[in-house]
Amino acid sequence: MELNIRDLKAGYGRVSVLDGINLDVHEGEYVAVVGANGAGKTTLLKAISGTVTPSGGQILADGTNIAGLAAHRVPKTGIAHVPEGRQVFPGLTVAENLDVGAYLQRDKDRREESRQEIFALFPRLGERLNQLAGTMSGGEQQMLALARALMLRPRLLMLDEPSQGLAPKVVTEMYEALDRIREAGMTVLLVEQNVATALRHADRAYVLEHGEIAMSGPASELADNDEIRRAYLGV
Ligand SMILES: Nc1ncnc2c1ncn2[C@@H]1O[C@H](COP(=O)(O)OP(=O)(O)OP(=O)(O)O)[C@@H](O)[C@H]1O
Ligand SMILES: [Mg+2]
């Protein structure tokens, strides 16, 4: 998917958070938005997925403006959102969680195809189909949340802090899985506080500060930028 965000404004009640964001994710690209606590990263993804209503600007998904579209209509446009904090249904099994993700896919064969692709990507999920999601480890739950989003066969995958609260080894696993998803042709928009990891994996990145884009460019260039290194990489 090609995503073009133009002068996007959004907030909560009278509090403005996003102050005119311009951002592009080209077809097949892997883009990261990094920034400190409270910069507005989650609000940006929520505005795209319709859980926060923009107060201005445009969100063009393959040229169609979806700004203000109701949240339940957004998945049909091909956009999947893995929200902050591993939101799986704890009382449902792994298999049931995946079924929930596939609700838009009525074709049984296609659904099975998605399941098999996901088990190839995350073998552990395939081995734990009957386990209650709430009893899985943090890393397994994050993988399940991602897998559930993939069941939609999205054309744009959005992830909010997939590394949050995970051990370094699990973070590595998570990002390797994302690399493979991306190599299969997915367009990815990632939001991260873990700036070093995000810049190592993404093609391009935007730095969000107080609701505005402070800097943008190829991820490798930003990782070498002195200002970024001081402010976000602790060097
Ligand atoms: N539901 C809400 N009602 C009011 N203000 C909110 C709400 N959600 C977020 N905010 C405020 O909006 C600002 C941006 O929050 P947001 O969650 O988008 O930041 P973030 O960059 O995702 O931060 P973090 O890295 O901590 O997840 C913050 O000042 C926050 O307090
Ligand atoms: Mg956030």
Side-chain angles (χ1 to χ4, degrees), residues 3 5-25 30-59 66-72 74 79-88 138-139 141-146 148-149 154 156-168 170-171 174-175 178 188-202 204-217 219 222-223 225 227-234:
L3 181 75
I5 295 181
R6 294 293 172 260
D7 199 23
L8 181 67
K9 298 187 169 86
Y12 304 93
R14 250 170 291 169
V15 181
S16 137
V17 174
L18 301 181
D19 198 17
I21 300 291
N22 290 293
L23 177 150
D24 297 294
V25 186
Y30 184 171
V31 170
V33 175
V34 297
N37 281 124
K41 303 181 299 296
T42 295
T43 304
L44 173 65
L45 294 195
K46 284 184 170 172
I48 299 169
S49 64
T51 50
V52 162
T53 308
S55 50
Q58 293 189 311
I59 300 169
I66 60 160
L69 194 66
H72 70 277
V74 172
I79 297 176
H81 183 185
V82 185
E84 213 170 5
R86 311 164 203 154
Q87 303 198 8
V88 297
Q141 288 188 29
Q142 182 66 66
M143 284 172 194
L144 179 57
L146 169 55
R148 193 179 64 193
L156 171 67
L157 178 66
M158 303 198 299
L159 303 111
D160 196 342
E161 312 264 6
S163 73
Q164 200 179 51
L166 302 181
V170 185
V171 173
M174 189 73 211
Y175 271 86
L178 267 180
V188 179
L189 177 58
L190 165 77
V191 152
E192 263 292 1
Q193 241 184 81
N194 185 342
V195 179
T197 304
L199 293 183
R200 243 191 336 267
H201 290 264
R204 239 162 21 85
Y206 292 82
V207 180
L208 191 60
E209 282 175 4
H210 310 295
E212 290 182 55
I213 303 293
M215 225 185 285
S216 66
L222 291 182
N225 180 289
E227 236 175 286
I228 305 250
R229 286 161 62 87
R230 267 197 304 271
Y232 297 102
L233 303 174

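All of these numbers come straight from a predicted model, not from anything done at the bench. Side chains are part of it too, since the values below use all heavy atoms of this structure and drop only hydrogens, waters and symmetry mates. We count ligands from 1, going down the list as the structure has it; atoms in each ligand are counted the same way.
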Using a 4.0 Å cut-off to any heavy atom of T43, which atoms of ligand 1 qualify? 14 (C), 15 (O), 16 (P), 18 (O)

Does A36 offer a backbone N or O that forms a donor-acceptor pair with the side chain of K41 under 3.5 Å? yes

Please confirm whether the backbone N or O of G85 pairs with a side-chain atom of E161, one donor and one acceptor, at under 3.5 Å? no

Just heavy atoms, cut-off under 4.0 Å: does E161 contact ligand 1 by side chain, backbone, both, or neither? side chain

Atoms of ligand 1 close to E84 [distance to a heavy atom under 4.0 angstrom, numbered from 1]: 27 (O)

Within reach of ligand 1, part of N37 (heavy-atom separation under 4.0 Å): both

Does G13 come within less than 4.0 angstrom of ligand 1, counting non-hydrogen atoms of the residue? no

Quick check: does Q193 have an N/O/S atom under 2.8 Å of the Mg ion (ligand 2)? no

Judged on heavy-atom distance to atom 21 (O) of ligand 1, which of Q164, H210, K41, R14 sits nearest? K41

For atom 19 (O) of ligand 1, state which one of A47, G40, G11 supplies the nearest heavy atom. G40

Ligand 1 atoms in contact with Q193 (distance to a heavy atom under 4.0 Å): 24 (P), 25 (O), 26 (O)

Heavy-atom proximity to atom 22 (O) of ligand 1, picking from N194, T42, D160, points to T42

Before giving the answer on side-chain contact (heavy atoms from CB on, under 4.5 Å), spell out for V191 and L208 the whole-Å C-alpha distance, their side-chain angles and the decisive distance to 0.1 Å. CA-CA 10 Å; V191 152; L208 191 60; over 6 Å; no

Is the Mg ion (ligand 2) under 2.8 Å from any N, O or S atom of E161? no

Can you name the N, O or S atom of E84 that is closest to the Mg ion (ligand 2)? OE2

Between the main-chain N or O of N22 and the side-chain N or O of Y206, is there a donor-acceptor pair closer than 3.5 Å? no

Do side-chain atoms of S55 reach the backbone of K9 as a donor and acceptor pair under 3.5 angstrom? yes

G85, G35, G38: member with heavy atom nearest to atom 14 (C) of ligand 1: G38

Starting from atom 5 (N) of ligand 1, locate the nearest protein heavy atom and write down its residue, its atom name and how far away it is, to 0.1 Å. Y12 CD1, 3.4 Å

With no hydrogens and no angle check, is any side-chain donor or acceptor of Q141 less than 3.5 Å from a backbone partner on V88? no

